[in-house]
Amino acid sequence: MKTYPLKNDHRPRFRIPYEDVLNTAQYEAVTTVEGPILVIAGAGSGKTRTVTYRVARLIEAGISPEAILLLTFTRKASEEMLRRASTLLDHRCENVRGGTFHSFAYATLRRHAQELGYETGFTVLDRVDSEDIIGFLRGWMKLNTKERRFPRKRTIASIFSKAVNKGDTIEDIVFDDYPSFVQDIPDLVKLHEAYRMYKQKNGLMDYDDLLVNMQALLEKNNVIRTRLSGVHQYIMVDEYQDTNILQADIVKLLAETHHNLMVVGDDSQCIYGFRGANFGNIMDFPTIFPDTKVIKLEENYRSTQPILDLTNIIINRARQKYTKVLFTRKKSGVSPALIVARDERTQSRFVAQRILELRENGVPLGEMAVLFRSGFHSFDLEIELNRANVPFIKVGGFKFMETAHIKDVLAHMKILANPKDALSWHRVLTLLENVGPKAAQDISRQVITAQKGLAAISDVTPKPAYAKAFEHLKETLIALSQNPFRSVSDIGEKLIDYYRPLLERRFDNHPKRYKDLVQLIAIMERYGDLDKFLSDMALEPPNASVDSVMATDYEDEQLVLSTIHSAKGLEWDTVFVIWALEGRFPAIYAARSEEEMEEELRLMYVAASRAREHLYFAYPVNIYDRGTAMVLSRPSRFIDGISEDILEPWSLGGQEELDYLDW
DNA sequence: GTCACTGATCACATT
DNA sequence: GATCAGTGAC
């Protein structure tokens, strides 16, 4: 018998049946391995699915997981995608490099701090930290002692950040967005320079610096750029419509040597313009990479036809026309509803009652969400839900990590990690009775210039007025620094014991705040390393608000309350959009420019398109707006005047009788 | 000079 | 809730 030599089949064999589980466009995106790809992915079109399958596909095709870089908007998003990819294929997917631009920049810059003039590494400032520094500098420069009010530190921080993220000058930003401070431009420019110097001198970077320095490093240093580009051979970027110029540039530089870059986004869901996001990035992508393959995902798998009919109307109210038309095969469904409530209480009562009814009808609590424009819009509803015993988690709005009592505890930990941290010293010292800004600065300067770490605290001779309190602080810190084997949570517990009396003196509502500290310990328990804990808390803090940080741990069914910004990329069976009131949503500020108003519209589109089956818009009437001295009673312009067979008006019966029961 | 306290004023969204 | 200017006490 003759043996015929069959050649080895070098084509990879794929375990996952991509053809069967993906539509044509998705398949195209998933199986294109090389070259630049732009995926325009409409709401609910299976974007996450596409990215997930592509990760699996690349690895199945033999690409090393370490060569893949997945940049997403939140850490949760990349974790989720990689987890799903692992389920599809195998654990190799866990080795893919995933995270936010900021965390990627942080990790990279840590290794190259010297090239940037940061001699011994750096610490990341969160928003509150950078505001505090700006506050000090403003005081030292005597800018707040004029007759006219100088902008608040918070406003100043916004101006600085916008300038960086939009690539504009301070002057441009003030003229466009803060016209009332035009006279202060020279001082703001000086302050900005002082802020820059201060960060440089003290080894600090704020969020914006991470991007700026990353971009600068890649652009200026050919060796590093080429090496990083070589390491990250396959790059994927999610939510590309919400990247700013710096981020787009970072991606471009990283992909320089290979152009294996897939960006995914939806121009009609760009909602971070205030942060410099520019959906022009999507439009320009094919120009920057001329051989780009453009793929559009237009089949919506999420929403029913009645919901899609409405979201299409909303997005078509934009002046800017967008690039795609969505369709769905889920033809049947109930119409979205529009509910007018006579006041905020009634709106809350409606939502709570309807949620309980839907749960009775079999919709799990975890499949329902209430969305709103601004964090505080849910306060009244939270009270109502507590009363009705509906468990919920709130996402967005005020951050757990940014509350004063949490920052106080973290400041003590930061001192242990880095005794040169002047900002934390200041915070820790001014907590002591009879220690104010002046004494705090004298002490922290003495400790830091001594150059002998925490030990220098023993050389300080405190004034009698605060000697006792200071001794206590000293003993606590030294005791903790002498045992390097303590766990993060152990350190945390000891510090909270120390801090508790100070907390009680500082805050009237200390019992509530103390509970937060107990929750903080639970978070610490997930960490073995103090530095890692601290950098995570700055870079990727839990997104849930104060009361619900821990709630995520037990996975019981919970209603989700969320700002629309934080609801990006998510979906639920049932969505309530509350405060759909002209003057609140769109917010009054948006009337300033057409661009901002367009962004508000896209935000409404994002909110509405989160829903699969049930969608409700509610708004209260007769709301007095202090800023404008107007009474708000109209529905949001984005959903006003839509025919009743698309958006069905509901009127609430029995409002009068019920009303007095609660008051 | 320094610190603690008070009451008016302001507050959109986030890494 | 946090900020900030103004006030009085030491």
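Taking a 4.0 Å limit (strictly below) on heavy-atom distances, residues 244-254 of chain A does not reach DNA chain B anywhere.
In this structure, A/K162 forms no cation-pi arrangement with A/F274, as its terminal cationic atom is not both closer than 6.0 Å to the ring centre and no more than 45° off the ring axis.
Scanning for ring pair (Phe, Tyr, Trp, His ring centres under 6.0 Å) contacts around A/H192 gives A/F160, with sequence neighbours left out. Contacts of A/D249 classified as side chain to side chain contact (heavy atoms under 4.5 Å, CB included), with partners at least two apart in sequence or in another chain: A/Q215, A/E219, A/K252, A/L253.
A/E582 contributes no side-chain N or O that, together with a main-chain N or O of A/R634, makes up a donor-acceptor pair within less than 3.5 Å. Under the 3.5 Å distance criterion, the side-chain polar atoms of A/T430 are matched with a main-chain donor or acceptor of A/H426. A donor-acceptor pair is defined here as one N or O able to donate and one able to accept, closer than 3.5 Å; no such pair exists between the side chain of A/D625 and the backbone of A/M630.
The pair A/D132-A/R427 meets the salt-bridge criterion, with a side-chain N (NZ, NE, NH1 or NH2) lying under 4.0 Å from an Asp/Glu carboxylate O. At a threshold of 4.0 Å, the pair A/K407-A/D126 counts as salt-bridged, since one of the basic side-chain nitrogens sits closer than that to a carboxylate oxygen. In summary, A/R152 and A/E131 do not engage in a salt bridge, as defined by a charged side-chain N under 4.0 Å from a carboxylate O. One finds no salt bridge joining A/K468 and A/E471 here, because no Lys/Arg side-chain nitrogen approaches an Asp/Glu carboxylate oxygen to under 4.0 Å. Salt bridge A/R506/A/D408: present, at least one basic N to carboxylate O contact under 4.0 Å.
Nucleic acid contact for A/R513: sugar-phosphate only, since backbone atoms but no base atoms lie under 4.0 Å from a heavy atom of the residue.
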Checklist entry - Nucleotide by nucleotide, 5' to 3', does protein get under 4.0 Å of the base (B), only the sugar-phosphate (S), or neither (-) in nucleotides 10-15 of chain B, counting heavy atoms? => result B-BBBB

Next on the checklist: I'd like to compare against my own output: the B/S/- annotation of nucleotides 1-6 of chain B with a strict under-4.0 Å heavy-atom distance to protein.
Outcome noted: -SSS--

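Ring planes of A/F104 and A/H232: perpendicular class, angle over 60° (limits at 30 and 60°).
For A/Y619 and A/F585, the distance between ring centers is not under 6.0 angstrom.
One interatomic measurement links the two molecules: NZ of A/K463 to P of C/dC10, which rounds to 18 Å at whole-angstrom precision.
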Checklist entry - Would you write out the dot-bracket form of DNA chain B, 5' to 3', with Watson-Crick and G-U pairs under 3.5 Å, [ ] for crossing pairs, | for pairs to other strands and . for unpaired bases? => result ||||||||||.....

